[in-house]
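Chain A is the first sequence line, chain B the second, and so forth, proteins listed ahead of strands; every chain is numbered from 1.
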Protein chains: 2
Amino acid sequence: MQAKAHKVDSPPAERWVAFAEAELRAAGHRSSAPRAAVVDLIGRQDCVLTAHEIAEELRRRGHGVGIATVYRTLELLERGKLVQRLDVGGASARYEPAFPGGEHHHHHLVCERCGRVTPFEDDDLERAIAELADRLSYRVGEHDVVLKGSCPRCSRVAG
Amino acid sequence: MQAKAHKVDSPPAERWVAFAEAELRAAGHRSSAPRAAVVDLIGRQDCVLTAHEIAEELRRRGHGVGIATVYRTLELLERGKLVQRLDVGGASARYEPAFPGGEHHHHHLVCERCGRVTPFEDDDLERAIAELADRLSYRVGEHDVVLKGSCPRCSRVAG
DNA sequence: GTCGATGCAAAGAATTTGCAGGACC
DNA sequence: GGTCCTGCAAATTCTTTGCATCGAC
């Protein structure tokens, strides 16, 4: 339960991609190669991505997609709760696949030195948040806790 | 412990303002009216403010301060750990006074409907985070948990 | 054939930076 | 009087939007 506790079991990419495409279709959207490429990339990445990173990676793979299309697709996915948007404090927002019913729900640690984003799950934290929400008479929705700190590697190197 | 649990005791503004000014001075910075106005406003506000809000409020009070100066002052304060920067998901960053030694440490709830930001404290959450950090062999620094949801008022109005 | 989707480029918004002049010590 | 600070405006970066064109259904 030490250094590898941060490794959340990798989400079933294929399942999410199929699900997301079906949802978009069901919502009355047409299918298209650029959009499919974006959805596919998001589903297969294990780390959170920025819009720029998505566009860049697709270009590298030869399927150049306009940055506007990337943003429009992300907005669509976010509205359908198919992706989770993260604000980890950098200039740009990051996105990751979201599963229905809160499956694979997790949070993130951000290393302030190297910028690495590490997912984690924790039942105690979840419970604390739930009790908290009751007490505050606040309805907490799809919360995402972003903790900032220094990852093991960076802590070792520089205090 | 119900609807008013979100009211954290208001921070001692005067004390923070004096402390921040002393720290800046000690760090070798000169004093100036614009910078003092920014520090003073941050210290007296009970809610988190954006750079734009700070500039706007100061202009309203007749002490127009250039937006660049506001940003430069905020950066200075942030580097000295005199303010805490918050990314609550909007377009712009928000800032609030920070006290030495983690005094008045708290977190925030953000209402996704009305945008209101509400501070809260919670020992259980704090404990869960501390244990978590150990287990992950991650060194968690000045963490700030931002929970998003729907505040009591908005929940009552619209489901 | 209609209407949504795309890509480019322009528009916007937030933040940073260059620079000339002014203020502090 | 030298150096730091300020304000303006230009530059950057991220994101959104207008519009003509293309493609799915």
K.L.:
What pairs with A/Ala93 under side-chain contact (heavy atoms from CB on, under 4.5 Å), at least two apart in sequence or on another chain?
P.N.:
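Residues passing side-chain contact (heavy atoms from CB on, under 4.5 Å) with A/Ala93: A/Arg85, A/Asp87, A/Tyr95.
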K.L.:
So where does chain A start and stop touching DNA chain D, 5' to 3', when the test is distance under 4.0 Å to a non-hydrogen atom?
P.N.:
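On DNA chain D, the outermost contacted nucleotides are D/dC14 to D/dC25.
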K.L.:
Tell me the salt bridge (Lys or Arg N to Asp or Glu O under 4.0 Å) pairs involving residues 23-41 of chain A, sequence neighbours left out?
P.N.:
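Applying salt bridge (Lys or Arg N to Asp or Glu O under 4.0 Å) to every pair that reaches into residues 23-41 of chain A, excluding sequence neighbours, yields A/Asp40-A/Arg44.
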K.L.:
Within residues 57-77 of chain B, find the residues that approach DNA chain D with a heavy atom at under 4.0 Å, and present them sorted by residue number.
P.N.:
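Heavy-atom cutoff 4.0 Å gives B/Gly64, B/Val65, B/Gly66, B/Ala68, B/Thr69, B/Arg72.
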K.L.:
Compute the angle between the rotation axes at the two ends of the helix from C/dG1-D/dC25 to C/dC25-D/dG1, each taken over five pairs, rounded to 10 degrees.
P.N.:
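The two end axes of the helix from C/dG1-D/dC25 to C/dC25-D/dG1 meet at 30°.
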K.L.:
So, are A/Glu75 and A/Arg72 salt-bridged, with charged N and O less than 4.0 Å apart?
P.N.:
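No, A/Glu75 and A/Arg72 are not salt-bridged.
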K.L.:
Do B/Leu74 and B/Ile42 come close enough that some side-chain heavy atom pair is under 4.5 Å?
P.N.:
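Yes - at least one pair of side-chain heavy atoms lies under 4.5 Å apart.
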K.L.:
Using the side-chain hydrogen bond (donor to acceptor under 3.5 Å, both in side chains) criterion, which residues pair with A/Glu112? Sequence neighbours excluded.
P.N.:
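None.
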K.L.:
Show your working on side chain to side chain contact (heavy atoms under 4.5 Å, CB included) between A/Glu21 and A/Val39 and close with a plain yes or no.
P.N.:
CA-CA 8 Å; A/Glu21 283 173 344; A/Val39 170; 4.2 Å; yes
K.L.:
Which residues pass the ring pair (Phe, Tyr, Trp, His ring centres under 6.0 Å) test with B/His52, not counting sequence neighbours?
P.N.:
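Testing B/His52 for ring pair (Phe, Tyr, Trp, His ring centres under 6.0 Å), a comparison that skips the adjacent residues, returns none.
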K.L.:
For residues 123-156 of chain B, pull every pair meeting ring pair (Phe, Tyr, Trp, His ring centres under 6.0 Å), keeping only residues two or more places apart or in separate chains.
P.N.:
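Checked against ring pair (Phe, Tyr, Trp, His ring centres under 6.0 Å) - neighbours excluded - the pairs reaching residues 123-156 of chain B are B/His105-B/His143, B/His107-B/His143.
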K.L.:
Would you check if B/Val146 and A/Val145 make a side-chain contact, meaning some heavy-atom pair closer than 4.5 Å?
P.N.:
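No, their side chains stay 4.5 Å or more apart.
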K.L.:
Take atom NE2 of B/His63 as the centre, draw a 6.0 Å sphere, and report whether it contains more than 12 heavy atoms from other residues, nucleotides or ligands.
P.N.:
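Counting other residues, nucleotides and ligands, NE2 of B/His63 stays at 12 neighbours or fewer.
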K.L.:
Are B/Leu76 and B/Ile54 connected into the same hydrophobic cluster when the rule is that any two of I, L, V, M, F, W, Y join if their side-chain heavy atoms are below 4.5 Å apart?
P.N.:
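Per the 4.5 Å side-chain linkage, B/Ile54 and B/Leu76 are co-clustered.
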K.L.:
Under a 4.0 Å threshold between the charged nitrogen and the carboxylate oxygen, would B/Arg127 count as salt-bridged to B/Glu131?
P.N.:
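No.
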K.L.:
Do A/Leu49 and A/Arg94 make a side-chain contact, defined as non-hydrogen atoms from C-beta onward lying under 4.5 Å apart?
P.N.:
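Contact flag for A/Leu49/A/Arg94 side chains = no.
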K.L.:
Going by the rule ring pair (Phe, Tyr, Trp, His ring centres under 6.0 Å), which residues pair with A/His108 if we only count those two or more places apart in sequence or in a different chain?
P.N.:
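Partners of A/His108 by the ring pair (Phe, Tyr, Trp, His ring centres under 6.0 Å) criterion, ordered by chain and then number, come out as A/His106.
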K.L.:
For DNA chain C, note the earliest and the latest nucleotide, 5' to 3', having some atom under 4.0 Å of a heavy atom belonging to chain B.
P.N.:
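Result: C/dA14 to C/dC25.
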K.L.:
Report the residues that fulfil side-chain hydrogen bond (donor to acceptor under 3.5 Å, both in side chains) with A/Lys148, sequence neighbours left out, ordered by chain and then residue number.
P.N.:
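side-chain hydrogen bond (donor to acceptor under 3.5 Å, both in side chains) check on A/Lys148 returns nothing, list empty.
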K.L.:
Give me the residues of residues 25-42 of chain B where at least one heavy atom lies under 4.0 Å from an atom of DNA chain D, by number, or none.
P.N.:
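Contacting residues: B/His29, B/Arg30, B/Ser32, B/Pro34, B/Arg35.
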